[in-house]
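Proteins get letters first, then strands, A, B, ... in listed order; numbering begins at 1 in each. As a basis for the values below, the full set of heavy atoms in this structure was taken, side chains included, without hydrogen atoms, waters or symmetry mates.
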2 protein chains.
Amino acid sequence: MNFENQIHGRPECTVERALDVIDGKWTTLILRDLLSGTRRFGELRSSLSGISPKTLTDRLRALETQGVLTRQVFPEIPPRVEYTLTDKGRALGSVVHALAEWGAQWT
Amino acid sequence: MNFENQIHGRPECTVERALDVIDGKWTTLILRDLLSGTRRFGELRSSLSGISPKTLTDRLRALETQGVLTRQVFPEIPPRVEYTLTDKGRALGSVVHALAEWGAQWT
DNA sequence: TGCTATAGTTTCTGATAATGAACTTTGAGA
DNA sequence: TCTCAAAGTTCATTATCAGAAACTATAGCA
């Protein structure tokens, strides 16, 4: 059982609160891909080479819950689902950009 | 800028390469604390409330290996060890800053 | 009738991270 | 001699994340 939230509540530190949203490696990479525009499930699955459909679904649902992206289902056969960043999600561009710049200069 | 990734070897994408260094929640929080100056093991242990000494040691050693920080041991009893960011580590300030700003505005 | 396509879901399994508690080392001071 | 402090280490256990493979639903098409 996890009483972390009960003990600490909403973290005071804004860095910690941000990290609660972008947790894990795949999450940031999904953000990276969606920053250049709306993508379908299958498109993300290809560009994030190596991700399993389960993990991709998990991460997308978590980001949707946090309000970082929206999921639009088109009632077609075969199904079409599009993922788009919200304003909140697009604002994370600064974080992804900072990572990219650091990675370019120091790694 | 190129956000696409490559299948073989060292990732082409600079975001991915950056994420190889700052992996996990604690790592970023350690960075946050060291950005305001040199800290001792015990100081980090207190400011990162809840971290176990094993985890703190593991993360600090990994960051040292990546060249993000230096570890200076003073031959005293009881021991004193100081952790300081390198230029490479200080450059991650932009990432931590972007996280803080986003967290402040959107969470 | 069977095939295809997309966007998943389900179940099982494994790797990595992190936790908690107890223990270690060493010299100085009571 | 006993105790204390700092910075760990060690061991056992749990939590979390991720992966592989198989399965589902449905309409259009040949």
Side-chain angles (χ1 to χ4, degrees), chain A residues 1-8 11 15-16 19-34 38-66 68-84, chain B residues 5 7 11 15-16 19-34 38-66 68-84:
Chain A
M1 240 173 264
N2 179 20
F3 293 114
E4 196 72 1
N5 277 346
Q6 196 174 321
I7 294 164
H8 295 112
V15 176
E16 278 180 70
L19 291 172
D20 284 342
V21 177
I22 35 175
D23 55 338
K25 177 184 173 182
W26 288 121
T27 299
T28 310
L29 296 179
I30 289 168
L31 251 27
R32 173 199 65 184
D33 288 357
L34 288 180
T38 296
R39 292 285 181 277
R40 297 178 60 172
F41 186 88
E43 292 177 314
L44 291 171
R45 196 176 169 181
S46 315
S47 58
L48 302 163
S49 58
I51 198 170
S52 67
K54 177 187 170 292
T55 300
L56 183 52
T57 299
D58 288 353
R59 302 289 96 220
L60 287 170
R61 292 287 196 281
L63 289 170
E64 191 192 2
T65 300
Q66 289 326 133
V68 167
L69 54 79
T70 56
R71 177 174 183 268
Q72 193 181 1
V73 183
F74 295 86
E76 305 171 358
I77 297 291
R80 179 159 63 105
V81 181
E82 292 187 348
Y83 296 90
T84 308
Chain B
N5 58 353
I7 294 164
V15 176
E16 277 180 70
L19 290 173
D20 284 342
V21 177
I22 37 173
D23 57 337
K25 177 184 173 181
W26 288 121
T27 300
T28 309
L29 296 179
I30 289 168
L31 250 29
R32 175 199 62 185
D33 288 357
L34 288 179
T38 296
R39 293 284 181 279
R40 298 178 60 173
F41 186 88
E43 292 176 314
L44 291 170
R45 195 176 169 181
S46 314
S47 57
L48 302 164
S49 58
I51 199 170
S52 68
K54 178 185 173 296
T55 300
L56 183 51
T57 299
D58 288 352
R59 301 289 96 219
L60 288 170
R61 291 287 196 282
L63 289 169
E64 191 192 2
T65 301
Q66 316 270 143
V68 167
L69 55 80
T70 56
R71 175 174 183 268
Q72 192 181 2
V73 183
F74 295 86
E76 306 170 359
I77 298 291
R80 179 160 64 106
V81 181
E82 291 186 348
Y83 296 89
T84 308

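Qualifying side-chain contact (heavy atoms from CB on, under 4.5 Å) partners for Pro78(B), counting only residues two or more places apart in sequence or in other chains: none. For the side-chain contact (heavy atoms from CB on, under 4.5 Å) test, no residue two or more places apart in sequence or in another chain qualifies with Ser46(B). In this view, Thr70(B) satisfies the side-chain hydrogen bond (donor to acceptor under 3.5 Å, both in side chains) rule with no residue, not counting sequence neighbours. Shown here are the side-chain contact (heavy atoms from CB on, under 4.5 Å) partners of Arg80(B), two or more places apart in sequence or in another chain: Arg40(B), Phe74(B), Glu76(B), Glu82(B).
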Report, one pair per line, the protein and nucleotides 5-8 of chain D atoms (nitrogen or oxygen only) whose separation is under 3.5 Å.
from	atom 1	to	atom 2	distance (Å)
dA6(D)	O3'	Arg40(B)	NH2	2.9
dA6(D)	O3'	Pro79(B)	O	2.9
dA7(D)	OP1	Arg40(B)	NE	2.8
dA7(D)	OP1	Arg40(B)	NH2	3.0
dA7(D)	OP1	Val81(B)	N	3.4
dA7(D)	OP2	Gly42(B)	N	2.9
dG8(D)	OP1	Arg71(B)	NH2	2.5
dG8(D)	OP2	Tyr83(B)	OH	2.6

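Across its full length, the helix from dT1(C)-dA30(D) to dA30(C)-dT1(D) shows an angle of 30° between the axes of its 5 terminal pairs at either end, rounded to 10 degrees.
Contacts of Asp58(B) with the nucleic acid, taken as non-hydrogen atoms under 4.0 Å apart, are absent.
Within the structure, a side-chain polar atom (N or O) of Thr55(B) is placed less than 4.0 Å from OP1 or OP2 of dT19(C). In this structure, Trp26(A) reaches the dG19(D) phosphate: one of its side-chain N or O atoms is under 4.0 Å from OP1 or OP2.
Look at Asp23(A) and Arg59(A) and you find a salt bridge, because one of the NZ, NE, NH1 or NH2 atoms lies within 4.0 Å of a carboxylate O, short of that distance.
Residues Val15(B) and Leu29(A) have side chains in contact (heavy-atom distance under 4.5 Å, counting atoms from C-beta outward).
Separating the NZ atom of Lys54(A) from the P atom of dC17(D) is a distance of 10 Å, rounded to the nearest angstrom. A straight line from CD1 of Ile30(B) to C1' of dA18(C) spans 12 Å, rounded to a whole angstrom.
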